[in-house]
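Have a look at the structure below, then the notes.
Throughout, a chain's letter reflects where its sequence line sits, starting with A, and its residues are numbered from 1.
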Amino acid sequence: MKDRLRQQIGNALQACFDNNLLDSGVVPEVQIEVPGNPDHGDFSSNLAMTMARAEKKSPRQIAEALVAELGNCDFLSKVEIAGPGFVNFTLAPTCWYEVLDDIIAKGKKYGLSQVGQGRKVQVEFVSANPTGPLHIGHGRGAVVGDAVASILQAAGFDVQREYYVNDAGNQVAILGRSIWMRMREQSGETVVFPDDGYQGEYIRDLAAKLCEEDPTVAGLGEDEATKRCTVFGVRKILDWISADLKNFGIIFDNWFSEQSLYDRGMVNTELAKLADKGLSYEQDGALWLRTTDYGDDKDRVLIKSDGSPTYFASDVAYHMEKFDRGFERVIDVWGADHHGYVPRMKAVVAGLGHPPEDLEVLLIQMVNLLRDGKAYTMGKRSGNFITLSEVVDEVGRDACRFSFLMRRSDSQLDFDLELAKRQSTDNPVYYVQYAHARVCSIYRNAEEQGVTFPKCGAVDLSSLTLPEELMLAKQLARYPEMVVGAAQNCEPHRVVYYLQELAAQFHSYYNRKRVLVEDSATTQARLYLVDGVRTVLANALNLLGVDAPERM
RNA sequence: GCGCGAUUAGCUCAGCUGGAUAGAGCGCUGCCCUCCGGAGGCAGAGGUCACAGGUUCGAAUCCUGUAUCGCGCGCCA
């Protein structure tokens, strides 16, 4: 719709030049936006104002020339010049009727686009260390990453969801030691549990389970036993994590092991490449990467003076490997407390000859867990943290996902368990889902009354003349470009706000007008309209991984 | 100290990449069920967009500075 208007304006502009109404010959990019005030039409353009300088004419003069050349156009019902030189366009109702046909015809596919042109994108998210169950903070990153991936898919990108498993470093070694200590404890030994060990109760469970599955471990020497404990612990915990994520509606395409980078010798080969490019140097017995060349405030260590690689080293190899796999756009979803890590990672990407924008890091701010307005504290080390699955089980998957997506992900989020659980007005999830269920209910009633359902493309919509009906159609028409905007900016909250607006408009309409009325032409047209509402609600909810129930 | 991010209604937050009279939800006040689901709707009150400059036709949005808050600054991961 917008494109059609854009083209029309372009033609008119050309005509202005041809007829010497305008003489600069400078064709600016035509900006078209949806005005906030409906009195200003369906679309407006600031073209005349942006051209004023080059033309050396007042914006209104330019606007008048433009409007004159626009002439009569079948899909525009009104064109007027307003304010300092805006040109406001009001489209003929038939335009909006076409949108409805389009929605019904496309159904689940309405809102999909090809702006991504099939480019390969990887979204890496969660990637929590496999040393304990996921807690609530991971949940937000999980949902945001998943929704971003879905939105990018809808926008025509070829998306892969990946979980990076940190199964090589210190943390998992500590996990192994913790399990080993508990095993010895359970066999009657008195042990001093290490200060840096994992305190959680689940460590005891793992120790007991390992003892049961493989009693020989207890008889092994310290080194071999902790190794076995580590492998066992990581495997079991990853099972929990993937089950929790599945329960939350999240399925990864790939689980990428950090250890595999070492096993394949990739860390060394990638570090050698960096050395060849002169990007690394030795000092104080350690190997450093010149990240300062690319805006970092300090060079970073790759290999410690004791000869062991840092976490950064494998992360460098990992990111190089991502690009080697052919991803053109790499998106990392991190906790905001890692933001200091961004410049050095971008430095790596730049050093490898990729534009730094090819790596996008989404920083997910903290979640403050509340219950009835009172803060819940959590500390992973102390062991009494709140797990993701507890929260999902308590408040439900849909409410949980929706709550995590309600705000921009880079701003802090208060998550109140009681509020999220409440099935009432206070809770926007149900408000939106209720709108969907209501349309379904109307259709159930229609069926009971023996009303025939409207057929796609074969409905006379001319009875849809009420402002609220056209408003609804316009909101539905905006959906595809909203999805594109959300994809370009990796901002799933835009979908949430869109849904709330659409649901509000529908509820208002529902209260004001009946769909099933005496006049059958009106009934048919209105059924068609609300079917469009239902379709778009369902499609948008689907992007967020939230159900669109037929009854509640 | 340096860096990153924030500051919008009583509270929690949007603001579509610089547009016209700054919007929602909650809370507050007053209304609407002979009505397809009241888990709903309508109306009202509530603002110096932290502060001070700057850029231009035009700024909540961009730039500079100040204040306050949060986070990060390991040869940890």
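- Proximity note for A/R478 (side chain, C-beta onward) versus B/rG40, B/rC16, B/rA14: the nearest is B/rC16.
- Across the strands present, B/rA39 finds no partner; the criterion is a Watson-Crick or G-U wobble pair with both atom distances under 3.5 angstrom.
- Between A/V367 and A/F404 there is a side-chain heavy-atom pair separated by less than 4.5 Å.
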Can you check each nucleotide of nucleotides 70-77 of chain B against protein heavy atoms at under 4.0 Å and return B for base, S for sugar-phosphate only, - for none, in 5' to 3' order? SBS-SBSB

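- With a cut-off of 3.5 Å on both pairing distances, B/rG47 has no Watson-Crick or G-U wobble partner at all.
- Taking 4.0 angstrom as the limit, A/S508 places a side-chain polar atom (N or O) nearer than this to OP1 or OP2 of B/rC42.
- Here A/T523 does not reach the OP1 or OP2 of B/rC36: none of its side-chain N or O atoms lies under 4.0 Å away.
- A/D398 has its CG atom 19 Å from the P atom of B/rA39, to the nearest Å.
- For the OP1/OP2 pair of B/rC36 and a distance below 4.0 Å, the side-chain nitrogens and oxygens of A/Y509 include no atom meeting the criterion.
- Atom OH of A/Y430 and atom C1' of B/rC26 are 17 Å apart (whole Å).
- Side chain of A/F86, nearest nucleotide from B/rG37, B/rG41, B/rG19: B/rG19.
- At a threshold of 4.0 angstrom between heavy atoms, the contacts of A/N88 include nucleobase atoms, whether or not backbone atoms are also involved.
- Set against B/rU21, B/rG15, B/rG37, the side chain of A/N37 has B/rU21 as its closest nucleotide.
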Could you give me the CA-CA distance, side-chain angles and deciding distance for A/D306 and A/K304, then say whether salt bridge (charged side-chain N to carboxylate O under 4.0 Å, His left out) is met? CA-CA 5 Å; A/D306 68 2; A/K304 296 182 251 179; 5.1 Å; no

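- Distance noted for atom C1' between B/rC51 and B/rU12: 24 Å (whole Å).
- One P atom belongs to B/rG19, the other to B/rG27, and the distance between them is 33 Å to the nearest Å.
- Judged by centroid separation below 5.5 Å and plane tilt below 30°, A/H507 does not stack onto the base of B/rG41.
- For A/E418, the CD atom sits in a packed shell: over 12 heavy atoms of surrounding residues, nucleotides or ligands are nearer than 6.0 Å.
- Residue A/N46 has no polar side-chain atom (N or O) positioned under 4.0 Å from OP1 or OP2 of B/rG58.
- No more than 12 heavy atoms of other residues, nucleotides or ligands sit less than 6.0 Å from atom CE of A/M471.
- Separation of the P atoms belonging to B/rU8 and B/rC62 is 15 Å when rounded to the nearest angstrom.
- Residue A/Y497 contributes atom OH, which lies 13 Å from atom C1' of B/rC16 at whole-angstrom precision.
- Whole-Å rounding puts the A/Q433 CD to B/rG40 P distance at 13 Å.
- Of all nucleotides listed (B/rU12, B/rA20, B/rG37), B/rU12 comes nearest to the side chain of A/D414.
- Of the nucleotides present, none pairs with B/rU34 by Watson-Crick or G-U wobble criteria with both distances under 3.5 Å.
- Residue A/S44 is in base contact, counting any heavy-atom pair closer than 4.0 Å across all strands shown.
- Counting heavy atoms from C-beta outward, A/Y509 and A/E469 have side chains that approach closer than 4.5 Å.
- Atom P of nucleotide B/rG37 and atom NE2 of A/H436 are separated by 15 Å, given to the nearest angstrom.
- Here the P atom of nucleotide B/rA20 and the CD atom of A/E80 are 16 Å apart, to the nearest Å.
- Residue A/K78 places its NZ atom among 12 or fewer non-hydrogen atoms of other residues, nucleotides or ligands, all under 6.0 Å distant.
- Nearest-nucleotide assignment on RNA chain B puts the 5′-proximal partner with A/S409, out of A/R512 and A/S409.
- A side-chain N or O of A/E258 and one of A/S314 form a donor-acceptor pair less than 3.5 Å apart.
- Within the shown strands, B/rG54 is the pairing partner of B/rC62 under the Watson-Crick or G-U definition, both distances less than 3.5 Å.
- Counting any heavy atom pair closer than 4.0 Å across all strands shown, A/N511 reaches a base atom.
- Within the 4.0 angstrom heavy-atom criterion, base atoms lie near A/R514.
- Nucleotide B/rG18: unpaired (no Watson-Crick or G-U wobble partner with both distances less than 3.5 Å).
- Rounded to whole angstrom, the span from the OH atom of A/Y510 across to the C1' atom of B/rA39 amounts to 12 Å.
- The 5' end of RNA chain B is approached more closely, in terms of each residue's nearest nucleotide, by A/Q500 than by the other of A/A503 and A/Q500.
- Taking a pair to require two hydrogen-bonding distances under 3.5 Å in either a Watson-Crick or a G-U wobble arrangement, B/rC13 pairs with B/rG23.
- Residue A/R407 contributes atom CZ, which lies 13 Å from atom P of B/rU7 at whole-angstrom precision.
- Within 6.0 Å of NZ in A/K227 there are 12 or fewer heavy atoms belonging to other residues, nucleotides or ligands.
- Contact detail for A/A48 and A/P59: the closest heavy-atom pair is CB-O, 3.3 Å.
- Across all strands shown, B/rU68 pairs with B/rA6; the Watson-Crick or G-U wobble distances both stay below 3.5 Å.
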Is there a salt bridge (charged side-chain N to carboxylate O under 4.0 Å, His left out) between A/R444 and A/E447 once you walk through the steps? CA-CA 5 Å; A/R444 281 194 297 272; A/E447 191 172 15; over 6 Å; no

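- Across all strands shown, B/rC75 has no partner, as no Watson-Crick or G-U wobble contact with both distances under 3.5 Å is found.
- Taking every side-chain heavy atom of A/I442 into account, B/rC36 is the closest of B/rG38, B/rC36, B/rC57.
- Under 3.5 Å, the side chain of A/D410 and the base of B/rG5 form no donor-acceptor pair of N or O atoms.
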